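Residue indices begin at 1 and follow the sequence shown. Heavy atoms only: backbone and side chains are in, while hydrogens, waters and symmetry mates are out. Values in this document were obtained by computation on a predicted structure and should not be read as measured data.
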Amino acid sequence: MEETLHSDAEEFRRLAIENTILQDRIVQLESLLNHDPNTGLPIRRILERQLAELFQEALTSGEKIGFGILRLDRHYARIRHTRDKMKVFLYMTALRVQEIIGKNLFQSDRSDEFLMIIRNVEDESHLERIAEDIEGAVRRPHDPPAKDVTFGCHIGLALYPEHAQTVTEVMINAEIALGVYEQRREHRYIYTPEMGKIYHESLDIENELYQAIQRGLEGFHIVYQPIFDNDGKLILCEALMRWDSAKFGSIPPSRFIPIAEESGRIIVLGRWIMYNACRTLKEWHDQTGKRFGMTVNVSPIQIQSPDFVEGVFEMLDSLELSGEYLNIELTEGTVMEDPRDTIQKLNQLRERGIKILIDDFGTGYSSLTYLGSLPLDVLKIAKPFIDDFLVNDSNREIIHTIIAMSHNFNFTTVAEGVERQEQFEGLKQVGCSLYQGFLFSPPLDAVEFEDHLLK
């Protein structure tokens with residue numbers, strides 16, 4: 001009897017030990033499933049559960065709760081595939097943010113993004129100050145493991161209950177605020193109803209854009225604005241895309257182009273305008289015998305496409321148009337997005353005789369350190385400098401510097417937005433080469449352009 005009891009006790013202890021081990025393994029497994037392996041932070045679904053509980057408690061306590069999305073910027077994106085210690089950078093960044101907001105930091109589904117719960121918020125200005133502190137902390141150089149590594153972040157915030165009543169709403173609104181921050185580079189972190197309105201309008205426009213493309217780019221057309229030299233000779237014309245939507249009416253490029261870029265549909269639009277503008281140019285050459293160039297704007301999304309250069313060459317070959325008549329117009333930001341790849345592609349284009357223009361020069365990077373190393377042909381002086389350079393000493397000095405610098409690098413200069421005769425005369429005196437603006441001609445459709453300027 002005693003032996004049986006002893007045997008049963010031993011079996012009970014064995015089962016208890018196995019059960020304890022099993023429970024420990026379950027806890028470890030749950031921890032692995034609920035935490036990110038790189039940062040050790042709890043993941044999104046844990047955050048959603050905590051937010052729901054906090055919102056419920058806030059109904060009686062009256063606590064204001066902030067929710068934020070922190071996304072590391074393009075400088076991080078550039079180095080994350082070239083450094084072997086990126087996990088350390090992520091972990092250190094998480095520690096810095098936790099020093100400001102406590103342990104309420106979570107890992108997003110994206111590896112370059114964190115989610116934040118900010119407790120006991122006093123008001124929007126308090127939330128704004130916290131965001132500024134976080135942004136400053138993220139930007140500090142990382143030493144160790146590498147003192148030369150720096151990157152920043154973009155932040156979007158929404159406040160409960162002011163901006164949302166549910167977990168889903170507050171997360172969507174923070175995402176909207178983040179999108180505005182990334183697109184406009186404005187230091188406005190917090191969601192507003194106006195942001196929400198623009199966001200939903202953008203969704204409607206994006207859907208209409210998709211439908212228009214499916215219907216053969218319905219409503220899209222091209223207008224052409226001529227560019228003249230000092231003697232009034234037509235040297236170039238710029239092709240500009242316009243969209244008359246059946247649903248929304250005329251939508252300005254400043255509205256639909258960013259949406260097309262964000263959705264990736266700028267690839268289709270870009271190919272369409274380049275082909276049709278160059279086809280029209282070839283027809284004008286053949287019909288009139290006059291030779292002048294066509295300028296087409298190219299977005300960062302287009303030039304980053306692997307087959308961009310090949311597509312341009314195939315288009316020129318199909319039209320039997322010489323590359324010397326095509327001018328590709330970029331912004332400074334486009335060039336600097338991925339300088340090495342962009343410079344390689346620009347050199348390939350120039351080997352075919354294609355000229356490269358920088359649009360709105362003076363409003364972006366505008367650095368001598370990069371100008372001399374870029375394969376450029378033309379600088380277009382931004383309109384804001386032209387508007388008041390006759391009475392604004394600072395802008396006049398900027399224009400003098402740009403033109404002198406262009407002469408040193410053998411660049412041609414184009415003054416954009418010339419609207420008054422005195423502007424034209426003043427720019428001529430300081431050595432500008434080409435002019436574009438309403439003083440000479442507004443953008444014209446193909447028929448008007450041919451009737452007014454070619455016949």
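- Here the side chains of V298 and M274 are in contact, with some heavy-atom distance below 4.5 Å.
- Remark: S250 OG to D244 CG distance equals 5.0 Å, nearest 0.5 Å.
- Of the inter-residue distances, the one linking Q98 atom CD with T93 atom OG1 reads 11.0 Å to the nearest 0.5 angstrom.
- Residue pairs that meet the salt bridge (charged side-chain N to carboxylate O under 4.0 Å, His left out) test with at least one member in residues 256-280, sequence neighbours left out, are E206-R265, R271-D307.
- P306 meets the side-chain contact (heavy atoms from CB on, under 4.5 Å) test with no other residue; sequence neighbours excluded.
- Between the side chains of E238 and N327, not a single donor N or O lies within less than 3.5 Å of an accepting N or O.
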Problem - Q423/L439 under side-chain contact (heavy atoms from CB on, under 4.5 Å): CA gap, chis, key distance, verdict - result: CA-CA 9 Å; Q423 289 175 325; L439 175 65; over 6 Å; no
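- A salt bridge (charged side-chain N to carboxylate O under 4.0 Å, His left out) check over residues 402-427, counting only residues at least two apart or in different chains, returns the pairs K380-E416, K383-E419, R420-E422, E425-K428.
- Residue F438 comes nearest to P443 through the heavy atom pair CZ-CD, 4.0 Å, listed as atom of the first residue, atom of the second, then distance.
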Anything under 3.5 Å between a donor and an acceptor, one on a side chain of residues 313-321, the other on a protein residue two or more places apart or in another chain? List them.
from: D317; atom 1: OD1; to: R352; atom 2: NH2; distance (Å): 2.3
from: S318; atom 1: OG; to: E314; atom 2: O; distance (Å): 3.4
from: S318; atom 1: OG; to: M315; atom 2: O; distance (Å): 2.7

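- Looking at every heavy atom in both residues, F385 comes nearest to I399 through O-CD1, 3.5 Å.
- Taking OH of Y160 as the start and CD1 of I117 as the end, the distance is 13.0 Å to the nearest 0.5 Å.
- Remark: the backbone N or O of E329 is not paired with any side-chain donor or acceptor of D359 at under 3.5 angstrom.
- How far OG1 of T412 is from CG of L376: 11.5 Å, rounded to the nearest 0.5 Å.
- Residue pairs meeting the ring pair (Phe, Tyr, Trp, His ring centres under 6.0 Å) criterion with at least one member in residues 101-138, sequence neighbours excluded, do not occur.
- Minimum interatomic distance between I403 and C432 (heavy atoms only, all atoms of both residues): CD1-N, 3.9 Å.
- With a 4.5 Å cut-off on side-chain heavy atoms, H154 and D73 count as touching.
- Looking at heavy atoms from C-beta onward, L127 lies in side-chain contact with L159 at the 4.5 angstrom threshold.
- Taking the salt bridge (Lys or Arg N to Asp or Glu O under 4.0 Å) definition, one finds that K355 meets it with nothing, sequence neighbours left out.
- Residues in residues 113-122 take part in these salt bridge (charged side-chain N to carboxylate O under 4.0 Å, His left out) pairs, two or more places apart or across chains: E63-R119, R71-E113, R110-E113.
- Using a 4.0 Å cut-off between a side-chain N of Lys or Arg and a carboxylate O of Asp or Glu, R242 and D445 do not qualify as a salt bridge.
- Scored by the side-chain contact (heavy atoms from CB on, under 4.5 Å) test, E169 finds A164, Q165, T166 as partners (sequence neighbours excluded).
- Between R396 and D393, the closest side-chain pair of non-hydrogen atoms falls below 4.5 Å.
- In this structure, L281 CG and Y224 OH are separated by 8.5 Å, a value rounded to the nearest 0.5 Å.
- Judged as a side-chain contact (heavy atoms from CB on, under 4.5 Å), and not counting sequence neighbours, the contacts of Q214 are Y210.
- Classification of the W284-F449 ring pair by plane angle, with boundaries at 30° and 60°, yields parallel.
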Problem - Candidate pair I227 and F440, rule side-chain contact (heavy atoms from CB on, under 4.5 Å), full reasoning - result: CA-CA 8 Å; I227 300 173; F440 308 98; over 6 Å; no
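- Panel note: side chain N347, backbone I343; a donor-acceptor pair is recorded below 3.5 Å.
- Taking 4.5 Å as the limit, every side-chain heavy atom of R139 sits out of range of all side-chain heavy atoms of C153.
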Exercise for the section: Just do the side-chain contact (heavy atoms from CB on, under 4.5 Å) check on E448 and D451 with the steps written out, would you? Expected result: CA-CA 5 Å; E448 293 173 323; D451 287 345; 5.7 Å; no
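- Taking each heavy atom of S245 and F248 in turn, the nearest pair found is OG-N, 3.1 Å.
- Side-chain N or O atoms of D377 include one that pairs as donor or acceptor with a backbone N or O of I356 at under 3.5 Å.
- Contact between I381 and I386 at its shortest, heavy atoms only, is CG2-CD1, 4.0 Å.
- Residues forming a side chain to side chain donor-acceptor pair (under 3.5 Å) with S406 (at least two apart in sequence, or on another chain): none.
- A salt bridge links R215 to E208: one of the charged nitrogens lies within less than 4.0 Å of a carboxylate oxygen.
- Contact of the L157 side chain with the I130 side chain is not registered, since no non-hydrogen atoms from C-beta on lie closer than 4.5 Å.
- A donor-acceptor pair under 3.5 Å is absent between the side-chain atoms of R44 and the main chain of S108, judged by distance alone.
- Among pairs with a residue in residues 255-274, those fulfilling ring pair (Phe, Tyr, Trp, His ring centres under 6.0 Å) read F220-F256, W243-F256, at least two apart in sequence or across chains.
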Problem - Derivation and outcome, side-chain contact (heavy atoms from CB on, under 4.5 Å), residues D360 and T331 - result: CA-CA 7 Å; D360 287 335; T331 64; 5.5 Å; no
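- Checked for salt-bridge contact, K345 and D341 meet the test: a charged N lies under 4.0 Å from a carboxylate O.
- To the nearest 0.5 angstrom, I251 atom CD1 is 4.5 Å from I205 atom CD1.
- In this structure, the side chain of N173 engages the main chain of H163 through a donor-acceptor pair within 3.5 Å.
- Not a single salt bridge (Lys or Arg N to Asp or Glu O under 4.0 Å) links R140 to another residue, sequence neighbours left out.
- Nearest heavy atom pair, residue G66 against residue V121, reads N-CG2, 3.8 Å.
- Between L346 and the options I354, L374, L330, a side chain to side chain contact (heavy atoms under 4.5 Å, CB included) holds for only L330.
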